Participant: 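Pasting a structure below so you can have a look.
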Amino acid sequence: MKNRLVLVTGGTGYIGSHTAVELMNEGFDVVIVDNLSNSEKSVLDGITAITGRRAFFEQFDICDKERLRDFFKVYKKLDAIIHFAAYKAVGESVEKPLMYYQNNLTTLMNLFEGMVEFKVPYFVFSSSATVYGQPDILPVTERAPFKPADSPYGNTKQIAEEIMRDAVNANKDLHAISLRYFNPIGAHPSALIGELPRGVPNNLVPFITQTAIGIRDELKVFGDDYNTPDGTAIRDYINVVDLAKAHVVSIQRMIEGKSKSNLEIFNLGTGKGSSVMEIVNAFEKSTGEKLKFKIVGRRAGDVESVYADTKYANEELGWKAKVDLEETLLSAWNWEKYVRNKKRSRLKTN
Ligand code: NAD
Ligand code: WQD
């Protein structure tokens with residue numbers, strides 16, 4: 001869509017950067033706001049190298065309401081907002097709950113206040129399958145009830161959806177779509193952007209790629225005594241570019257007036273569950289690398305099995321995940337190699 005400007009908060013982060021690329025590929029203009037608390041400015045170069053265009057970039061904290069108002073005054077013609085900016089480490093949220101409630105909810109409320117004041121009609125939110133906990137019925141549909149949140153992080157996503165519901169009910173000009181991501185993995189096929197975890201990764205795939213490249217000694221597989229075919233836990237791993245495309249489709253849907261209600265909710269997954277050992281095997285097969293791993297006890301707070309019912313997203317949103325697991329794991333591996341080579345050449349030139 002030409003001459004449409006989208007604000008991407010958290011746009012130098014993992015999912016935001018891939019979404020900025022897909023938006024620009026579809027002709028949207030993009031302005032990224034990020035405080036770089038969990039990303040690097042050089043990501044903008046990756047986005048430019050892929051798209052041949054430069055996103056506008058403003059570095060500030062969206063919790064700063066006055067700074068955000070100034071932003072809205074400058075970028076007067078915003079058509080939509082995609083809100084990725086948040087803290088996302090489950091374990092850290094247990095230790096620092098107030099930091100999580102403060103950041104994840106203040107940013108959301110500040111943006112909604114700005115949308116009302118400056119008349120920005122459309123909003124897409126990064127929600128999470130974590131809102132379902134361990135669902136009673138699999139695959140899990142959007143109608144499954146919330147389970148008590150396992151962590152303050154998970155609770156911020158549940159509360160955020162309630163805030164959005166109340167905000168759109170009170171402002172009939174606003175339309176929002178909440179996208180519940182399952183487990184986003186992989187990187188752009190160019191290997192120019194990807195996930196950049198700080199410190200020891202919590203998530204499975206970055207831990208695997210860092211182990212394969214020699215930064216970690218071995219992968220610890222958390223539990224092989226689950227009630228699953230091979231005993232390891234099952235998740236729905238979704239390619240990050242596929243995920244990014246769903247955001248573009250969501251924006252187009254609202255602009256074209258296709259929303260069925262002011263707040264719509266869609267699961268973003270593949271519909272297929274994979275166990276930890278299936279991921280390990282698929283990684284070895286697609287990359288030709290041998291992975292060192294050890295079975296250890298379960299990780300506290302982990303659920304046994306979650307995967308999406310994708311029917312509603314496929315049929316109503318008109319979006320479907322396409323990239324298969326092996327290709328996705330290969331993209332994660334190519335990105336890991338690219339990052340390490342870049343670090344090595346930086347060290348050599350210093
Ligand atoms: P990320 O940390 O890579 O990206 C988030 C970006 O937001 C970072 O660049 C960070 O610097 C920025 N940011 C954080 N707080 C900010 C603030 N107050 N002001 C301005 N910028 C701020 O995370 P991601 O994996 O890309 O996740 C994006 C969104 O998707 C988050 O809301 C996350 O909760 C949600 N989500 C992620 C996953 C996942 O597995 N990655 C799964 C479900 C939902
Ligand atoms: C996947 C599987 C682990 C690491 C988390 C958040 C969720 C969402 C996505 C933001 C599990 C196992 C992992 C390791 C392992 N994020 N594992 N060894 O826990 O499904 O979801 O990220 O919204 O909210 O909770 O993802 O990648 O951490 O784990 O065996 O070193 O891999 O036990 O079964 P998870 P994950």
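What you are looking at is a predicted structure, and each value in this text was computed from that prediction instead of being measured. Whatever order the structure lists ligands and atoms in, that order sets their numbers, starting from 1.
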Participant: Identify the protein atoms, limited to N or O, that lie within less than 3.5 Å of an N or O atom of ligand 2, and list each pair with its distance to 0.1 Å.
Facilitator:
unit_1	atom_1	unit_2	atom_2	d
ligand 2	18 (N)	Lys220	O	2.7
ligand 2	19 (O)	Arg299	NH2	2.8
ligand 2	20 (O)	Asn183	ND2	3.0
ligand 2	20 (O)	Arg235	NE	2.5
ligand 2	22 (O)	Asn203	ND2	3.0
ligand 2	23 (O)	Ser128	OG	3.0
ligand 2	23 (O)	Tyr153	OH	2.4
ligand 2	26 (O)	Asn183	ND2	3.1
ligand 2	27 (O)	Asn203	ND2	3.2
ligand 2	27 (O)	Leu204	N	2.8
ligand 2	28 (O)	Asn202	O	3.4
ligand 2	28 (O)	Asn203	ND2	3.2
ligand 2	28 (O)	Arg299	NH1	3.4
ligand 2	28 (O)	Arg299	NH2	2.9
ligand 2	29 (O)	Arg299	NH2	3.4
ligand 2	30 (O)	Lys220	O	3.3
ligand 2	30 (O)	Phe222	N	2.9
ligand 2	33 (O)	Asp302	OD2	2.5

Participant: So that I can tick it off, tell me whether Glu142 and Arg180 are bridged by a salt bridge, with the cut-off set at under 4.0 angstrom between side-chain N and carboxylate O.
Facilitator: no
Participant: Check this for me: does any side-chain nitrogen of one of Arg4 and Asp79 sit under 4.0 Å from a carboxylate oxygen of the other?
Facilitator: yes
Participant: Between Asp309 and Thr141, does any side-chain donor sit less than 3.5 Å from a side-chain acceptor?
Facilitator: no
Participant: Who are the residue neighbours of ligand 1 when the rule is a heavy atom under 4.0 Å from any of its atoms?
Facilitator: Gly10, Thr12, Gly13, Tyr14, Ile15, Asp34, Asn35, Leu36, Ser37, Asn38, Ser39, Phe60, Asp61, Ile62, Phe84, Ala85, Ala86, Lys88, Asn103, Thr107, Ser126, Ser127, Ser128, Tyr153, Lys157, Tyr181, Pro184
Participant: Does one side chain, of Asp224 or Thr232, offer a donor that lies under 3.5 Å from an acceptor on the other?
Facilitator: no
Participant: Please say whether more than 12 non-hydrogen atoms of neighbouring residues, nucleotides or ligands are located less than 6.0 Å from NZ in Lys147.
Facilitator: yes
Participant: Which class fits the ring pair His18 and Tyr14: parallel under 30°, tilted 30 to 60°, perpendicular over 60°?
Facilitator: perpendicular
Participant: Do NZ/NE/NH1/NH2 and the carboxylate oxygens of Asp45 and Arg54 come within less than 4.0 Å?
Facilitator: yes
Participant: Check each of Asn334, Asp324, Ile279 against Leu329 using the side-chain contact (heavy atoms from CB on, under 4.5 Å) test, and report the only one that passes.
Facilitator: Ile279
Participant: List the steps, then state whether ring pair (Phe, Tyr, Trp, His ring centres under 6.0 Å) holds for Tyr87 with Tyr153.
Facilitator: CA-CA 8 Å; Tyr87 295 147; Tyr153 166 76; over 10 Å; no
